[in-house]
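Everything on this sheet refers to the single structure shown next.
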Amino acid sequence: MERTKIGESEGLTFWLAQPEDYDAVMTISEDIYGGKDYLPHRFHDWMTEPHRVVILAKKEGKLVALESGLVVDEGCTVVVEGLRVCTSERGRGMAGTIQRFTDQYIRQLYPTLRVKRLTRGDDPGPEKLAKFTLLDRRAILSLCGEAKSFDDFLSDLNAKIESEPKLVVLDEVQQVKSMLLDSEISSRLQLPGGAFIFDWQPLQPIEGNLEVLQRRNLTWLADRPVSPTFLSVHTPPYPIPYKGGSFRFNIDMFGTSQALAQQALISHLEKVRGVIHGVVLMQVYMHKSLWEGMRRFCEGNTGVQRYRDYWEQLLLERPL
């Protein structure tokens, strides 16, 4: 069936992405994030994900840009992600053009939308920040090593633990649902901007996001199953193009207990040690007060080392 364009603006035509666009999208994504791009792994899932819109921009029939939005928070928020522009067209305002069109298109599909949210891993500068409200910042600890090195790394970490605070796995839907319905969860866990951020996606702690969370196949650890004061979640490791084929492993931590953060790191690594192979890039997202202690905790192993200095994840929002 012939595809129909959904709009045009400033010399670009816009189309909804289809599975057969994969190769073209990968072509404009070759240098994105220094080989750490998640989209090669996620693209086909995006094609069928409920309440997600993936828009392509073409110039003279050639794909030049992509932007995506996922509607969450019971239809009140769109989380935008995946923005990319082909190398030859960067710096010409094309990113702004596809962003404006995407905002308009998604707003037409979902009239209940109120805000647009996004996460950034770099400081966009005062001009960009002036267009958004900066809700919060989280610290990121970045580690890298061969999968086989993580056995020794785990042994080193365990040797540093002075006590073993208990962590429980929240493996029942009802447990996660009860946590989302806890009116004090945001303040107790000091959620950034009042939201959980799982693998760069911010979600309000409300029941309407439960279905989104179930699709993510997350592993949840908490200091207690009811009214937790510390929560840690990991996304299943997934392949990335880095160095010809590596794995990316993301852990999101909420709360400020250094002892629980250390134990959570060990527990998450133990749960994936049989899944990872090759080079593994691990990123741990946490409250800024935890970063220095976690850095020291992870030092001393030659097989697994930091590959980036301190940096932050920014949560931004603007009315839509």
Side-chain angles (χ1 to χ4, degrees), residues 6-10 12 14-17 25 29 32-33 37-39 42-43 45-47 49-57 64-85 90 93-138 140 180 186 191-213 215-216 250 252 285 312-320:
I6 57 174
E8 52 185 284
S9 177
E10 301 180 39
L12 302 179
F14 299 98
W15 311 74
L16 293 179
V25 170
S29 304
I32 295 290
Y33 306 134
D37 189 13
Y38 56 84
L39 195 52
R42 298 249 170 88
F43 181 81
D45 289 338
W46 279 14
M47 295 299 96
E49 185 173 16
H51 307 301
R52 179 179 291 280
V53 178
V54 184
I55 293 178
L56 306 178
V64 291
L66 176 148
E67 173 77 312
S68 176
L70 176 66
V71 177
V72 298
D73 299 344
E74 299 175 349
C76 294
T77 305
V78 59
V79 176
V80 293
E81 53 191 336
L83 176 66
R84 57 208 56 211
V85 175
R90 292 173 192 169
M94 191 169 292
T97 302
I98 191 172
Q99 287 174 313
R100 288 188 293 273
F101 180 86
T102 301
D103 289 351
Q104 177 188 5
Y105 185 80
I106 294 180
R107 198 164 53 230
Q108 291 174 347
L109 293 179
Y110 296 91
T112 58
L113 286 173
R114 296 291 178 267
V115 295
K116 168 183 177 178
R117 282 188 166 186
L118 67 151
T119 50
R120 293 280 301 253
D122 57 341
D123 195 323
E127 183 178 348
K128 179 79 172 180
L129 284 176
K131 300 176 182 178
F132 288 87
T133 298
L134 175 59
L135 298 180
D136 214 335
R137 298 172 181 262
R138 290 204 297 171
I140 308 174
L180 292 177
S186 181
L191 297 183
F196 286 112
I197 305 178
F198 299 129
D199 206 359
W200 295 85
Q201 293 182 341
L203 301 170
Q204 294 292 317
I206 56 178
E207 185 176 1
N209 285 328
L210 184 60
E211 191 270 336
V212 180
L213 295 173
R215 294 200 301 265
R216 300 291 181 260
N250 291 328
D252 289 282
Y285 309 87
E312 294 180 332
Q313 179 187 64
L314 280 63
L315 175 58
L316 305 173
E317 177 183 278
R318 64 180 291 183
L320 195 63

With a 4.0 Å cut-off on N to O distance, would you call [X] and [Y] a salt bridge?
X      : Y      : value
Lys116 : Asp103 : yes
Arg84  : Asp37  : yes
Arg52  : Glu67  : no

Under 3.5 Å, is there a donor-acceptor pair between the side chain of [X] and the main chain of [Y]?
X      : Y      : answer
Arg114 : Thr77  : no
Asn250 : Phe198 : no
Thr112 : Gly75  : yes

Mind checking the [atom1]-[atom2] spacing from [X] to [Y]? Nearest 0.5 Å is all I need.
X      : Y      : atom1 : atom2 : answer
Leu39  : Leu66  : CG    : CG    : 6.5 Å
Arg216 : Leu203 : CZ    : CG    : 7.5 Å
Glu81  : Gln201 : CD    : CD    : 4.5 Å
Ile6   : Tyr105 : CD1   : OH    : 4.5 Å
Gln104 : Leu320 : CD    : CG    : 10.5 Å
Leu213 : Glu207 : CG    : CD    : 11.5 Å

Of all heavy-atom pairs between [X] and [Y], which one has the smallest distance, and what is that distance?
X      : Y      : value
Ile98  : Ala57  : CD1-CB, 3.8 Å
Gly194 : Gln204 : O-OE1, 3.5 Å
Val53  : Ile55  : CG1-CG1, 3.7 Å
Gly193 : Asp136 : N-OD2, 3.5 Å
Gly69  : Ile106 : CA-CD1, 3.8 Å
Glu74  : Asn209 : N-OD1, 4.4 Å

Q: I would like to know whether Arg215 and Asp45 meet side chain to side chain contact (heavy atoms under 4.5 Å, CB included); could you show each step before the answer?
A: CA-CA 10 Å; Arg215 294 200 301 265; Asp45 289 338; over 6 Å; no
Q: Could you walk me through whether Val78 and Arg117 pass side chain to side chain contact (heavy atoms under 4.5 Å, CB included), step by step?
A: CA-CA 6 Å; Val78 59; Arg117 282 188 166 186; over 6 Å; no
Q.
Using the rule given for side-chain hydrogen bond (donor to acceptor under 3.5 Å, both in side chains), can you reason through Thr97 versus Glu10, listing the C-alpha separation, both sets of side-chain angles and the distance that settles it, and then say yes or no?
A. CA-CA 7 Å; Thr97 302; Glu10 301 180 39; 3.1 Å; yes
Q. Cut-off 3.5 Å, side chains only: do Thr119 and Gln313 have a donor facing an acceptor?
A.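 No, Gln313 and Thr119 have no side-chain donor paired with an acceptor closer than 3.5 Å.
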Q | Side-chain donor-acceptor contact under 3.5 Å, Ser9 with Arg100 | A |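 No donor-acceptor contact under 3.5 Å links the two side chains.
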Q) Taking it one step at a time, do Trp200 and Tyr285 satisfy ring pair (Phe, Tyr, Trp, His ring centres under 6.0 Å)? A) CA-CA 9 Å; Trp200 295 85; Tyr285 309 87; 5.4 Å; yes
Side-chain heavy-atom pair [X], [Y] within 4.5 angstrom cut-off:
X      : Y      : answer
Pro205 : Leu191 : yes
Met94  : Arg90  : no
Asp199 : Arg42  : yes
Val54  : Val25  : no

Q) Only one of Leu316, Leu315, Asp73 forms a side chain to side chain contact (heavy atoms under 4.5 Å, CB included) with Pro202, so which one is it? A)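 Of Leu316, Leu315, Asp73, side chain to side chain contact (heavy atoms under 4.5 Å, CB included) with Pro202 is met by Leu315 alone.
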Q: Go through the steps to decide whether Glu312 and Ile140 satisfy the test side chain to side chain contact (heavy atoms under 4.5 Å, CB included), and finish with yes or no.
A: CA-CA 5 Å; Glu312 294 180 332; Ile140 308 174; 5.6 Å; no
**Q.** Candidate pair Val64 and Leu12, rule side chain to side chain contact (heavy atoms under 4.5 Å, CB included), full reasoning
**A.** CA-CA 9 Å; Val64 291; Leu12 302 179; 4.1 Å; yes
Q. Parallel, tilted or perpendicular: which describes the rings of Tyr110 and His51, with under 30° parallel and over 60° perpendicular?
A.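 Plane angle over 60°, so perpendicular.
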